[in-house]
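The structure appears right after this line, and notes come after that.
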Protein chains: 2
Amino acid sequence: MKDSTIKLKDQLKEKGYKLTSQRKVVLDVIMDHENEHLSTEEIYGYVKERHPEIGLATIYRTLLILDELGIVSKLDLDEEFNRYELNKDSEDHRHHHLICTKCGSVTGVEEDLLDPLEQQIQKKYGFYVNNHRVKFYGICKECSDNKH
Amino acid sequence: MKDSTIKLKDQLKEKGYKLTSQRKVVLDVIMDHENEHLSTEEIYGYVKERHPEIGLATIYRTLLILDELGIVSKLDLDEEFNRYELNKDSEDHRHHHLICTKCGSVTGVEEDLLDPLEQQIQKKYGFYVNNHRVKFYGICKECSDNKH
DNA sequence: ATTCATGCAAATCGTTTGCAACCCA
DNA sequence: TGGGTTGCAAACGATTTGCATGAAT
């Protein structure tokens with residue numbers, strides 16, 4: 001059993017969940033497509049290649065659990081459906097997305113310079129920030145290079 | 001005809017749209033509930049008080065146009081439906097939202113300290129940022145005051 | 001008069017849920 | 001064995017769309 005599966009099994013057990021072959025495959029697919037921000041439907045497609053009998057509902061249920069366990073995060077990229085990304089242990093809440101309004105590409109970014117802003121918000125509004133979600137809209141490098 | 005309606009009429013005409021009583025009422029309702037982040041369904045409710053025959057589809061169609069005209073912005077506050085807020089002329093970069101994870105309140109915030117971050121992103125990734133959307137999650141003042 | 005907008009109901013579409021059969025622990 | 005899990009289909013809920021009627025320019 002691969003490391004990631006063992007870890008998954010432990011995390012599932014903590015919450016009283018079981019390790020099933022479907023859950024294994026879903027996580028494997030997401031890991032094999034890191035940084036791709038797969039949608040539920042896309043995950044379903046890839047999982048079906050390795051486990052053809054799986055139902056869409058199982059994908060939804062599994063993603064809900066993986067999110068609950070903190071293994072993946074649901075992204076909300078202004079589409080009519082959701083996408084998911086693998087959480088890296090190293091990142092806390094310092095991960096933003098660059099969304100190109102021309103080609104639609106989505107890139108993850110590690111910078112985090114929000115601390116001063118959060119301190120200011122806390123001082124001025126008495127609002128204690130413990131997480132944030134930031135999307136930048138603009139034109140990506142490829143699109144501005146290709147515009148001739 | 002009130003100022004806001006005249007302005008609406010002009011903006012509609014520019015795009016070949018007509019000024020209808022329904023569109024007037026929708027905008028009036030949103031203006032009367034500034035800072036409340038009304039959902040489509042809530043807007044429907046308020047509009048119906050003043051214009052009982054209106055259909056939900058008209059609300060959806062009107063909000064689409066008001067958004068296109070830049071009069072309102074669709075918000076995405078992690079709910080299964082959308083909310084809208086009135087755009088203030090003074091702000092171009094949209095403001096940020098503080099979302100309390102305890103009571104669910106949503107507050108608009110005007111600070112904008114993202115310029116240095118955006119410059120860094122531009123330099124490092126060649127991505128030209130022209131807008132952003134930021135949500136801060138945490139505990140609002142009321143909730144932390146009331147926790148005893 | 002022309003063109004666009006409305007109201008209604010039906011249609012979409014992503015997601016959820018009920019349930020009998022099934023499988024992991 | 002027993003309780004969580006699955007696949008399937010039906011149910012949901014927000015939003016969209018087709019169409020005949022109605023209103024604005």
*Rounding to a whole Å, what distance do you find between Ile54(A):CD1 and dA21(C):C1'?*
17 Å

*Over how many whole Å does the gap from Ile65(B) atom CD1 to dT16(D) atom C1' extend?*
14 Å

*At under 4.0 Å between heavy atoms, what does Glu41(A) touch on the DNA or RNA strands: base, sugar-phosphate, or nothing?*
nothing

*Compare the minimum distances between each of dT15(C), dG7(C), dG7(D) and the side chain of Gln22(A), then state the nucleotide with the smallest one.*
dG7(D)

*Quick one: are Glu142(B) and Ser105(B) in side-chain contact, heavy atoms under 4.5 Å?*
no

*asked:* The side chain of Leu56(A) is closest to which nucleotide in this list: dA14(D), dT15(C), dT3(C)?
replied: dT15(C)

*Between Asp145(B) and Lys141(B), is the closest basic N to carboxylate O distance under 4.0 Å?*
yes

*Using a cut-off of strictly less than 4.0 Å, decide whether Thr58(B) has a side-chain nitrogen or oxygen near OP1 or OP2 of dG7(C).*
yes

*Indicate yes or no: does Asp28(B) engage Arg23(B) in a salt bridge with an N to O separation below 4.0 Å.*
no

*Do Ile139(A) and Phe127(B) come within less than 4.5 Å of each other through their side chains, counting heavy atoms only?*
no

*Where each residue is assigned the nucleotide of DNA chain C containing its nearest heavy atom, which of Arg61(A) and Thr40(A) is assigned the position nearer the 5′ end?*
Thr40(A)

*Kindly point out which of dT17(C), dG7(C), dT25(D) is positioned nearest to the side chain of Ala57(A)?*
dT17(C)

*Verify the contact: side-chain N or O of Tyr60(A) to OP1 or OP2 of dT15(C), cut-off strictly under 4.0 Å; return yes or no.*
yes

*Indicate yes or no: does Glu36(A) engage Arg83(A) in a salt bridge with an N to O separation below 4.0 Å.*
no

*When only distance counts, do a donor and an acceptor, one from the side chain of Lys13(B) and one from the base of dT25(D), lie under 3.5 Å apart?*
no

*asked:* So Arg23(B), base contact, sugar-phosphate only, or nothing? Heavy-atom distance under 4.0 Å.
replied: sugar-phosphate

*Would you please confirm or rule out a distance under 4.0 Å between OP1 or OP2 of dG4(D) and any side-chain N or O of Tyr17(A)?*
no

*Whole-Å distance between dC24(C) P and Leu12(A) CG?*
14 Å

*With a 4.0 Å cut-off on heavy atoms, is Lys9(B) in touch with a base, just the backbone sugar-phosphate, or nothing at all?*
sugar-phosphate

_In whole Å, I'd like the distance from the CD1 atom of Ile59(B) to the C1' atom of dA5(C)._
13 Å

*Heavy atoms under 4.0 Å, any strand shown: does Phe81(A) hit a base, just sugar-phosphate, or nothing?*
sugar-phosphate

*Give the rounded distance in Å between these two atoms: CG of Leu64(B) and P of dT6(C).*
12 Å

*Rounded to the Å, how far apart are Glu80(B) CD and dC13(C) P?*
20 Å

*Could you tell me the separation between the OH atom of Tyr44(A) and the C1' atom of dC8(D), rounded to a whole number of Å?*
10 Å

_Measure NE2/His51(B) against C1'/dA23(D) and give the value in whole Å, please._
11 Å

*Ignoring backbone atoms, establish whether Asn82(B) has a side-chain N or O less than 4.0 Å from OP1 or OP2 of dT15(D).*
yes

*Identify whether the distance between the nearest side-chain nitrogen and carboxylate oxygen of Asp78(A) and Arg133(B) falls below 4.0 Å.*
no

*asked:* Strictly below 4.0 Å: does Thr20(A) bring a side-chain N or O up to OP1 or OP2 of dG4(D)?
replied: no

